[in-house]
Amino acid sequence: MRLNYKVSVAALALLVVSGGAFAQVKKKPVTPSPKSRPTGVEQKHIVAAGLLPPDPEVIVGKLPNGLTYYVRKNAEPKSRAELYLVNKVGSVLETDDQQGLAHFTEHMAFNGTRDFPKNDMVSYLQKSGVKFGADLNAYTSFDETVYQLPLPTDSVDVFEKGFNILANWASYVTFDPKEIDSERGVVLGEKLANGKNAQERLSNQTYPVLLNNSRYAQRIPIGKEEILKTFKPETIKSFYHDWYRPDLQAVIAVGDFDPARVVELIKRNFSSLQNPANEKPRTVYNVPPTPGTVVKIATDKEFPYTLAEIIVKHPQTSIKNTADLMQSIRVQLFNQMLNDRISELTQKPTPPFVYGQSSYGPFIGKQDAFTTIAVSKSGGLETAIKAAVAETERVRHFGFTLTELERAKQTALTGIDNAYRERDKTRSANFVGEYQQNFLNGDAFAGISYVYNFYVNNINKITLAELNGMAGKFVSDQNRVIIVEAPESEKDKLPNEKTILDWIANAGKGVTAYVDNTSDKPLLDQLPKAGNITETKVDSLIGITTFTLSNGVKVVLKPTKFKNDQVLINGYSFGGTSLASDDDYTSAELAGGIIRASGIADFTQIQLNKILSAKNVSVSPYISDVAQGITANTTPKDFETAMQLIYLYFTQPRKDADVWQANISQTNALLANRGLNPGSVFQDTVSATLNNRNFREMVVTPERLNKANLDKAYAFYKDRFSDASSFVFTFVGNFDVAVLKPYIEAYLASLPSTNRKETYKNLNIVPPAGQITKTVNKGIGEKGTMQMVFNGAYDYNDLNNIQIDALEEILQIRLLDRLREKDGGAYAPGVRASYKKIPNSRYSITISFTCLPADIDRLAADTQDEINKLKQSGALQADIDKFVAEEARSTQVQLKENIFWAGYLGASAQNQEDPDAILHHVSNLSNITTGSTKDAANKYLSGTNLIKFIWLPEKK
């Protein structure tokens, strides 16, 4: 289960401002046929003048008991649907003795209802191919609780049962006292897993200030530990009775189904639900304004950064009419232009902050906020604050430039155009959020056709003067909160309240107008001399064509119709940093990232971003430990631009000393206090042990970082991309192979080729053999973590891979049942299996859990007991059936996704596997048997090579 609140003020601000005012613009408006358009209450949409019209593809209705429903037919993914139950019920409604019970109620919905006793619901859905956690899930926030149920629609029984499940959540949770007592440990385990750390302790200090001691500050969704341990069943039943009622609930159904039939199912399952007599009014809480400015300085022993946040709160706005939509576009443009300027500062040789951002957007407690964040280097808080604030002040004094505005408009139009082009290929899950917001907050859901046309027809009416005036409206010294979070070791060096206010007040003094440094040169002055295609092979089974080019490059093409406007490109060649000497390794490791940030040819990265602002294209070179390559995402329209960029990253990478120095400076800043974070110390120990303390696989040290050299990094990059003869490129997306041919010949067949026949060097960096235990005592939080890593040599092939995948999922099911549900104490035990063929064939299975320190040994013994049962008897057939159903369902979806094919074809080429093998994957699942899981457990979980990592608090 998820708690949808932010324990980090910084995380809250980052999430909020990144969303934009109209982030859910991913619609598929197609006029419904008359046969499928219901009559009656669903059609009673009264659109007042100026109000945004509802999307005609959505059936919205309300039952006599007050329950609202939203139904939309959508074909992607095929034979799938997203069902949601949305409740206007959250932690803000809890009484003093109910703190934490909104979230606890969410948990209990999976632990016994009228029609699904105990864990029967989860088990039933798993057998139907729905994975608990990844698919089936829920979250609780301050103001809402939302249940998520993705289902197949090609099984009528399973799909129709889904509405019965939603109704059981809505009104028929049983709250068996034994199940409540069993779930206490799970919820306390979730509180433990997500808390007892620096961020929780800092949040406890800052939330009362940020939320002005309001109801929100007093009702953090996870609740109070003493209440979770001791509340009586009648207390949680009272909460459920008062607030889980149809007039506060909505059902959302989007998917590949007959909408009229779905409306029938909703009416059948929900019409009998009743509101309680003398129902309580659903109070709408808010955060009262803070007169003037409040400053809060919070420190913690384990917090590794110093950051400042300036939050100016405003009344919440929603998007209901055309004026609201117009303003949301202005905000979108304002945020983009301001943050483009801030990001440019990070490319200075000595950047003023490690990270900075300023944006206006939704906040918490019925508020919006203009939030400025600056993460400083050690001792550089003044510089960071002043630099971040100065950019807003620069806008206030001098405004934006016309070229910035035009560029931002083009970027916005490109984004909305892309959404419009994909309107019939949009995944069902992408529609849910806007219907949810309509129910919770009254936001409109006009649909992509309307919004697209509104953008096209109105964005150019937005003037520079309007944008330039927004900073003055957003910035204020009223209802403002300033928060500084820092390591406790920095406490004596931190400024007082007056000093911080002086810094902010003086940040804009002496600023000058922004200069928009652009370039109107073409990416390429002249086209390269084209090569040619020397061989063509066609694989009709999976629909791929393979070209061999005159310079040795191989190109694998798979045209699809899964997306209307997407082409994914991936290219690789073996070598990577494995070919760098130990002395040059750090420089080589930095090379790919530095070139990505430096631009190409004569264009800085800042100029390149501006040139590409109106295009749907992203191209990134990389260098890994065993390969170098290029990844790209583009559209048919901008395909040639992507190809030109690929050509230039091979032939004209740019060396930028300022970017290099900025990168070194920022990385050093992040490393400075890394040791304060217990989690980082633990993970560094894990990494060092698993890689036999080989420095190539460990976090870089300041000493190695400062010895790195730009000239060496640039030379290594140039060398890795100087010979394209062994490169393999894959193209997946909406294209015609014949149309791509001339571009491939012009930009790939012309790449330099020396035919040197290189490959990676196997450095044999593998875990040490035998049984090892490493214990880390670090941190003041009273919690512990265990990681058990089984590993060894591996015979890499599809049949073995399926067996180890099955072992991973079956063990996950068993440990969730044992460690979470039965024994309690570990909220989210995890099992992760991985296997690889390159550079040497290895496997690892990692089992991890977090719990109270006193429970480590008990839960480790329980884990080993479950492993022993698998080794002795194999898996239960019921668990095998769950894995097979989940894997078959997920494979059916993946086979219709470009991103899957891009990764799969690349991996098949690298591992020299037959790509047609994917056609047998689902049928090969029949090889999973009780006997095969027993053999797999004995082979891969033998314990011969087992490393245990234990993280405990510092010894007192």
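Residues take their numbers from the sequence shown, with the count starting at 1.
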**Request:** Rounded to the nearest 0.5 Å, what's the gap from CD1 on Ile448 to CZ on Arg423? Could you check?
**Result:** 9.0 Å
**Request:** Under the ring-ring contact (aromatic ring centres under 6.0 Å, His included) rule, collect the residues that match up with Tyr649, sequence neighbours excluded.
**Result:** none
**Message:** With salt bridge (Lys or Arg N to Asp or Glu O under 4.0 Å) as the rule and sequence neighbours excluded, what pairs involving residues 875-888 come up?
**Reply:** Arg814-Asp879, Asp879-Lys882
**Item:** salt bridge (Lys or Arg N to Asp or Glu O under 4.0 Å) contacts touching residues 541-567 (sequence neighbours left out)
**Value:** Arg421-Asp565
**Item:** Non-neighbouring partners of Tyr84 that pass ring-ring contact (aromatic ring centres under 6.0 Å, His included), sequence neighbours left out
**Value:** none
**Asked** Partners of Glu160 by salt bridge (Lys or Arg N to Asp or Glu O under 4.0 Å), sequence neighbours excluded?
**Response** Arg261
**Message:** Could you work out, with salt bridge (Lys or Arg N to Asp or Glu O under 4.0 Å) as the rule, every residue matching Glu758, not counting sequence neighbours?
**Reply:** Arg720, Arg756
**Message:** Could you go through Glu589 and Thr577, starting from their C-alpha distance and side-chain angles, then the distance that decides it, and tell me whether this counts as side-chain hydrogen bond (donor to acceptor under 3.5 Å, both in side chains)?
**Reply:** CA-CA 6 Å; Glu589 185 186 30; Thr577 57; over 6 Å; no
**Aromatic ring proximity Phe735/Phe639, centre distance under 6.0 Å** = no
**Request:** Just do the salt bridge (charged side-chain N to carboxylate O under 4.0 Å, His left out) check on Arg427 and Glu82 with the steps written out, would you?
**Result:** CA-CA 10 Å; Arg427 294 177 68 89; Glu82 298 283 341; 6.0 Å; no
**Request:** Taking side-chain hydrogen bond (donor to acceptor under 3.5 Å, both in side chains) as the test, write out the residues that go with Asn694, two or more places apart.
**Result:** none
**Asked** Between Asn927 and Gln803, which heavy-atom pair has the shortest distance, and what is it?
**Response** O-NE2, 3.0 Å
**Complete:** Residues passing the side-chain contact (heavy atoms from CB on, under 4.5 Å) test with Ala875, sequence neighbours excluded, are Ile810, Leu870, Ile880, Thr933
**With sequence neighbours excluded, residues passing salt bridge (Lys or Arg N to Asp or Glu O under 4.0 Å) with Asp916** = none
**Message:** Which residues pass the ring-ring contact (aromatic ring centres under 6.0 Å, His included) test with Tyr940, not counting sequence neighbours?
**Reply:** Tyr794, Tyr843
**Asked** Which residue pairs satisfy the salt bridge (Lys or Arg N to Asp or Glu O under 4.0 Å) criterion with at least one member in residues 920-941, sequence neighbours excluded?
**Response** none
**Message:** Could you work out, with side-chain contact (heavy atoms from CB on, under 4.5 Å) as the rule, every residue matching Glu535, not counting sequence neighbours?
**Reply:** Lys537, Thr548
**Item:** Geometric class of the Phe163/Phe159 ring pair [parallel <30°, tilted 30-60°, perpendicular >60°]
**Value:** perpendicular
